[in-house]
J.: 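One structure is given below, represented as structure tokens, and several questions about it will come after.
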Amino acid sequence: MESGAKKWGFQRTQGLEAASTTTVRGYLNLLMGNINQDSCLTVVPLGHGDPSHFPSFRTTPAAEDAIVDALRSAKHNCYATTVGILPARRALADYLNRDLPYKLSPDDVYLTNGCTQGIEVVISILSRPGANILLPRPGFPLNEAWCAYNHLEMRHYDLLPEKGWEVDLDAVETLADENTVAMVIINPGNPCGNVFSYEHLNKIAVTARKLGILVIADEAYDNLAFGSTPYVPMRVFGLTVPILTMGSISKRWVVPGWRLGWLVTSDPDGILQKSGVIDSITGFLNNSSDPATFIQAAIPQILENTKEDFFSKIISTLRECADICYNRIEEIPSLTCPKKPEGSMFVMVKLNLSMLEDINDDVDFCLKLAKEESVIILPGRAVELKNWLRVTFAIEPSLLQEGLARVEAFCQRHAKKQ
């Protein structure tokens, strides 16, 4: 300490730092730091769901035109309202009302800085001393990070690989008690690539109602389904149990950097209003940042002018990439994929350590893979499943082929000698 200086009254918050290192970004930063800078190999990013870098996944010109029109109008350089500008919320309510047995209003829609802020809002307003929340395992680690920030107890229920990554509803009932506030589901699944059936979603809704908890539905990958199971939004079951849905334009329109998301309340019976949850959402947003106003203003035009052929092309490309990923992994003896992905941009792969030498666990596998082959894959530990891998297949198909060929070479090099 400098001579004459008093003792400083500030220091780092260790809990926040520890939570941040277990996020996807924390692990990706760790892996990128292990890349061999002297290698001539192109880095293959199979760890992060952001295909916007690749030509096959460019967003629609209709979305770009909407942004340009909103910006050049000079009408949207102002602050936005707390919950988002009305034309955007009205357009989103109409967009989300399709096939619902009841109707959402603009007042049910709150605009957020992507799904990330939606998670922050929901976890923060539900946190209270002694409360707990049920999270999926594997899941999206930002949920765990925000629970840690807010000192909300986490209880993990398993997704069952042998049942196509369905929710273990028996475990949900066992884990819940009088202090449980909600359960989180992710559909289409990140990180499993599964799509829940209507029947299974109905069972989730009935179970949550029985337990007296609300359902938080992370639908960041809404409509990105390309298998035999059709996508069904959880809000269909709002008459059974209160639903808080998080969504965004990030994935379906392939524009994650635009940071435009929404939090939607599906609760025709008004339970969330009576409990004070609605007032808490507004109160939180009163004290937080908003999505850029000109991007909010572009939403009605984006929703109206995007043609179905754009979505069909994205779905077709994702299906092609999912096939490549699944088929190539099936050829690698030390990796096992329990279910072919049907949605989102990810697949979970079991790491068979008994067949590998000099690999201690999933983190060690991913660190050495990054160093030796310049391929980035997320360790399963990042999503609460040790000795598994989360593989992102939403990249240019040719680069995906190259990356998986390097994974195969890496596994062959580290295979135990017979």
J.: Closer than 4.0 angstrom, basic N to acidic O: yes or no for R381 and D361?
T.: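 Result for this pair is yes, salt bridge flagged.
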J.: If you round to the nearest 0.5 Å, how far is SG of C321 from CZ of R319?
T.: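 Here the rounded value is 11.5 Å.
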J.: Any donor-acceptor pair under 3.5 Å linking the side chain of S316 with the backbone of S312?
T.: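 No: the side chain of S316 does not pair with the backbone of S312.
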J.: Quick one: are L111 and L92 in side-chain contact, heavy atoms under 4.5 Å?
T.: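 Yes. Closest side-chain heavy atoms under 4.5 Å.
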J.: Would you check if the side chain of E396 reaches a backbone N or O of S56 as a donor-acceptor pair within less than 3.5 Å?
T.: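 Yes, E396 side chain to S56 backbone: donor-acceptor pair under 3.5 Å.
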J.: Which residue, V241, T180, V172, L175, forms the side-chain contact (heavy atoms from CB on, under 4.5 Å) with L211?
T.: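 Of the listed options, the one satisfying the test is V172.
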J.: Before accepting this row, confirm whether a basic side-chain N of the pair E402/R406 lies closer than 4.0 Å to the acidic partner's carboxylate O.
T.: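 Yes.
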J.: Quick one: does L263's side chain get under 4.5 Å of Q117's, heavy atoms only?
T.: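 No, every pair of side-chain atoms sits at 4.5 Å or beyond.
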J.: Between atom NZ of K313 and atom CG of L318, what is the distance when rounded to the nearest 0.5 Å?
T.: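 Those atoms lie 10.0 Å apart.
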J.: When you measure from the side chain of N150 to the backbone of S127, do you find a donor-acceptor pair of N or O atoms at a distance under 3.5 Å?
T.: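 No; judged by distance alone, with no hydrogens or angles, the pair does not exist.
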J.: Does any non-hydrogen side-chain atom of L100 lie less than 4.5 Å from one of R235?
T.: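 Yes, at least one pair of side-chain atoms sits under 4.5 Å.
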J.: For the side chain of R390 and the backbone of L378, is there at least one donor-acceptor N/O pair under 3.5 Å apart?
T.: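 Pair absent, no side-chain N/O of R390 close to backbone of L378.
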J.: Going by an N to O cut-off under 4.0 Å, is there a salt bridge joining E372 and R413?
T.: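 Yes, this pair counts.
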J.: Nearest 0.5 Å, please: how far is CD in E144 from CD in E384?
T.: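 Answer rounded to 0.5 Å: 4.5 Å.
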J.: Between N202 and Y198, is there a donor-acceptor pair closer than 3.5 Å when you use the side chain of the first and the backbone of the second?
T.: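 A pair under 3.5 Å: no.
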J.: I want to know whether F57 and W253 have ring centres closer than 6.0 Å.
T.: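 No: the rings miss the under 6.0 Å criterion.
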J.: Any side-chain heavy atom of N143 sitting closer than 4.5 Å to one from M154?
T.: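 They are not in side-chain contact.
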J.: Considering only heavy atoms from C-beta outward, does the side chain of Y95 approach that of L104 to under 4.5 Å?
T.: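 No, every pair of side-chain atoms sits at 4.5 Å or beyond.
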J.: Could you check if a side-chain atom of D290 sits within less than 4.5 angstrom of a side-chain atom of Y79, using non-hydrogen atoms only?
T.: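 No - every pair of side-chain heavy atoms lies 4.5 Å or more apart.
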J.: Just by distance, do the side chain of T112 and the backbone of G114 share a donor-acceptor pair under 3.5 Å?
T.: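 Checked: pair present.
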J.: Given 3.5 Å as the limit, does a donor-acceptor pair link the side chain of N387 with the main chain of L351, or not?
T.: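 No; zero donor-acceptor contacts below 3.5 Å.
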J.: Is K340 salt-bridged to D323, cutoff N-O under 4.0 Å?
T.: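 Looking at D323 together with K340, the answer is yes, because their closest N to O distance falls below 4.0 Å.
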J.: Apply side chain to side chain donor-acceptor pair (under 3.5 Å) to residues N352 and S334 and explain how you reach the verdict.
T.: CA-CA 5 Å; N352 302 317; S334 52; over 6 Å; no
J.: Does the plane of the ring in H200 sit parallel, tilted or perpendicular to the ring in F196? Use 30° and 60° as the thresholds.
T.: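 Rings of H200 and F196: tilted, as their planes differ by 30° to 60°.
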J.: Drop me the distance from H48's NE2 to I395's CD1, to the nearest 0.5 angstrom.
T.: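 Interatomic distance, H48 NE2 to I395 CD1, rounded to 0.5 Å: 13.5 Å.
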J.: Ion pair present between D177 and R155, side-chain N to carboxylate O less than 4.0 angstrom?
T.: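 Yes.
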J.: Are the side chain of K368 and the backbone N or O of D358 linked by a donor-acceptor pair below 3.5 Å?
T.: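 Answer holds: yes.
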J.: Between L159 and P138, is there a side-chain heavy-atom distance shorter than 4.5 Å?
T.: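 Contact flag for P138/L159 side chains = yes.
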J.: Under the side chain to side chain donor-acceptor pair (under 3.5 Å) criterion, do Y231 and E219 qualify, and how do the steps go?
T.: CA-CA 10 Å; Y231 168 70; E219 296 179 354; 2.9 Å; yes
J.: Out of curiosity, S266 OG to L214 CG, how far, rounded to the nearest 0.5 Å?
T.: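 Interatomic distance, S266 OG to L214 CG, rounded to 0.5 Å: 11.0 Å.
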J.: Please check if the side chain of N287 supplies one atom and the backbone of G283 the other of a donor-acceptor pair under 3.5 Å.
T.: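 Checked: pair present.
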J.: Which label fits F410 and F365: parallel for a plane angle under 30°, tilted from 30 to 60°, or perpendicular past 60°?
T.: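 Geometry flag for F365 against F410: perpendicular rings.
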J.: Take E64 and T59 through the side chain to side chain donor-acceptor pair (under 3.5 Å) test and state the conclusion after the steps.
T.: CA-CA 8 Å; E64 297 170 342; T59 193; 6.0 Å; no
J.: Can a donor-acceptor pair be found, under 3.5 Å and without considering hydrogens, that links the side chain of T245 to the backbone of A217?
T.: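 No, the answer is negative, given that no donor and acceptor are paired below the 3.5 Å cut-off.
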J.: Nearest 0.5 Å, what's the CH2-NZ distance between W165 and K339?
T.: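 Reported to 0.5 Å precision, the distance equals 11.0 Å.
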